[in-house]
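Given the structure is predicted, the values throughout are model-derived calculations rather than measurements. Residue numbers begin at 1 in each chain, while the letters A, B, ... track the order of the sequences.
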2 protein chains.
Amino acid sequence: MSKESLLPLLTGHVLTHGLGQASLRPLAQAAGTSDRMLLYHFGTKERLIIDLLSHVAGLYSAAIDAVMAEGERPATRQALMARILEQNADPAFAPFMMLWWEIVGGAARDLPGYRAAAEAMVGELLVWLEGHMPAGDPDPAGGARYLLTVIEGTMMLAAVGHGETARQGLLAGGLLPT
Amino acid sequence: MSKESLLPLLTGHVLTHGLGQASLRPLAQAAGTSDRMLLYHFGTKERLIIDLLSHVAGLYSAAIDAVMAEGERPATRQALMARILEQNADPAFAPFMMLWWEIVGGAARDLPGYRAAAEAMVGELLVWLEGHMPAGDPDPAGGARYLLTVIEGTMMLAAVGHGETARQGLLAGGLLPT
DNA sequence: AAGCGCATGTAGCAATCGCTACATTATGGG
DNA sequence: CCCATAATGTAGCGATTGCTACATGCGCTT
């Protein structure tokens, strides 16, 4: 078993149990190996986490690309927002969201690997947004950054039980179809 | 030493070292007691954390109220945004921000106490915003929720190294003074 | 076949974890 | 003063942590 074949299994465990509680022996069991072998492959738990975060960022990038392919371009910013929020509200997306907030926390504390992974994922989403802005949008670059900011704020409010507050804010800001 | 006199010291330790890494013995040392006494007062580490989060939420509420008193009302939404973002960019605010992302993560995973604390703090900020919307604002309630969403998104992007992206988004959205 | 290097198992170490049993001191009301 | 109750110290338990030493298997080349 190589590092590369291990990473998806490790990612699965982290998605359901979280990064903070991840210790070598449970991780190893989830991947069908031993803590001994995890350290053999990654050298250190810290490097394992770094590699894992990088792998997660790659997964996210691939998922974005997959969605990108199937895209018919929405006609308005409101339609684009609605589509993204609907996708992010999918329960299947929840484990990734929980992991995401741990990554943000690690980035805020500048733990090794966290900021790089978070920055990459946000960057990927930004590129996707820019490529999906409505045709004829007056400012696709600025608009994508604007929508990105609003989307992330909405996700955060939803995480802390203020999803309805965010929805009302989006309506008041003219960012949702009426 | 009572619970109430312990909580500020515990909060200090958590602000600099984080919630996830907080274990009883270091917490006790920071508060000038022993792990034994922390359990004597709080019963369980879980309840200690819950009480601590509630205390942090109270601190945040008090801080908001203090700022509320000194408020001359800004003339525009842009000025209000600028003022808030300036305050949040204060380096003295950084430890709280790092703690905040841990609280959001806990709320997303529904750990006991986290969601309640996060919801209370966001609610407090929302009330403050509503009370500080510019005079004559066409929709203070909706506008406050809109600004709240944008503010939280900006904070998150700043945490992951995309602060400049957020700033460009705010400009494109007409939410910063030009 | 011999030996070499990669891969893996077994066992354990020192540290830390939350928590508890037991003993002791301090304090305040009768 | 005496005693009950609250507060605190000491010591340790069993589990888990990241990591390592040592031995063994496996496959390949010479």
Side-chain angles (χ1 to χ4, degrees), chain A residues 1-56 98-99 102-103 105-106 109-114 116-117, chain B residues 1-56 98-99 102-103 105-106 109-114 116-117:
Chain A
M1 279 228 193
S2 65
K3 275 169 71 158
E4 287 67 31
S5 66
L6 248 20
L7 281 173
L9 303 169
L10 297 174
T11 301
H13 180 263
V14 158
L15 274 174
T16 72
H17 295 86
L19 266 167
Q21 309 305 324
S23 46
L24 288 179
R25 271 165 266 243
L27 277 171
Q29 191 177 1
T33 358
S34 60
D35 56 333
R36 169 69 180 71
M37 287 314 292
L38 288 184
L39 290 169
Y40 176 74
H41 286 303
F42 296 95
T44 270
K45 191 198 174 184
E46 177 176 308
R47 278 206 279 272
L48 184 154
I49 297 293
I50 294 176
D51 287 0
L52 181 55
L53 288 171
S54 165
H55 179 253
V56 169
M98 300 186 200
L99 183 57
E102 274 194 89
I103 295 176
R109 287 195 193 275
D110 210 9
L111 305 184
Y114 284 73
Chain B
M1 279 228 191
S2 66
K3 274 169 73 159
E4 287 67 31
S5 66
L6 248 21
L7 281 173
L9 302 168
L10 298 174
T11 301
H13 180 262
V14 159
L15 275 173
T16 72
H17 295 85
L19 265 167
Q21 309 304 325
S23 47
L24 288 180
R25 272 166 265 243
L27 277 172
Q29 191 177 0
T33 357
S34 61
D35 57 333
R36 169 68 180 70
M37 287 313 294
L38 288 185
L39 291 169
Y40 176 73
H41 286 302
F42 297 95
T44 270
K45 189 197 176 185
E46 176 176 307
R47 278 205 280 271
L48 185 153
I49 297 293
I50 295 175
D51 288 359
L52 182 55
L53 289 172
S54 166
H55 178 254
V56 169
M98 301 186 199
L99 183 57
E102 273 194 89
I103 295 176
R109 289 197 191 275
D110 209 9
L111 305 183
Y114 284 74

Notebook entry, point to check: Can you check whether B:Leu24 reaches B:Leu48 side chain to side chain, under 4.5 Å on heavy atoms?
Noted result: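 Counting from C-beta outward, B:Leu24 and B:Leu48 do come under 4.5 Å.
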Check: Under 4.5 Å between any side-chain heavy atoms of B:Pro112 and B:Arg47, yes or no?
Finding: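 A side-chain contact under 4.5 Å is absent here.
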Whole angstrom value for the distance that separates [atom2] of [N] from [atom1] of [X]:
| X | N | atom1 | atom2 | answer |
| --- | --- | --- | --- | --- |
| B:His41 | D:dA7 | NE2 | P | 7 Å |
| A:Lys45 | D:dT16 | NZ | C1' | 11 Å |
| A:Leu39 | D:dT20 | CG | C1' | 9 Å |
| B:Leu38 | C:dC17 | CG | P | 13 Å |
| A:Ile49 | D:dG18 | CD1 | C1' | 12 Å |
| A:Glu46 | D:dG18 | CD | P | 13 Å |
| B:Leu48 | C:dG18 | CG | C1' | 12 Å |
| A:Tyr40 | D:dC22 | OH | P | 18 Å |

Notebook entry, point to check: What nucleic acid atoms does B:Thr33 come within less than 4.0 Å of, heavy atoms only: base, sugar-phosphate, or nothing?
Noted result: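 No contact.
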Next item on the list: Determine the contact category for A:Ser34: base if any of its heavy atoms lies under 4.0 Å from a base atom, sugar-phosphate if only primed atoms, P, OP1 or OP2 are that close, otherwise nothing.
Entry: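 Sugar-phosphate: the residue A:Ser34, judged by heavy atoms under 4.0 Å, touches backbone atoms but no base.
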Notebook entry, point to check: Which pairs with one or both residues in residues 11-40 of chain A pass ring-ring contact (aromatic ring centres under 6.0 Å, His included), sequence neighbours excluded?
Noted result: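 Residue pairs passing ring-ring contact (aromatic ring centres under 6.0 Å, His included), neighbours aside: A:His13-A:His17.
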Note to self: My understanding is that only one of B:Leu10, B:Leu19, B:Val14 makes a side chain to side chain contact (heavy atoms under 4.5 Å, CB included) with B:Ile49; could you say which?
What the structure shows: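 In the set B:Leu10, B:Leu19, B:Val14, the residue that makes a side chain to side chain contact (heavy atoms under 4.5 Å, CB included) with B:Ile49 is B:Leu19.
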Notebook entry, point to check: Which parts of residues 3-24 of chain A get close to DNA chain C, meaning a heavy atom less than 4.0 angstrom away?
Noted result: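 Residues of residues 3-24 of chain A that come under 4.0 Å of DNA chain C do not exist, since none gets that close.
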Check: Sub-3.5 Å donor-acceptor pair from the side chain of A:Glu102 to the main-chain atoms of A:Gly20, do we have one?
Finding: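 Checking the backbone N and O of A:Gly20 against the side chain of A:Glu102, a donor-acceptor pair under 3.5 Å is found.
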Distances under 3.5 Å between protein N/O atoms and the N/O atoms of nucleotides 11-15 of chain C, please, pair by pair.
none

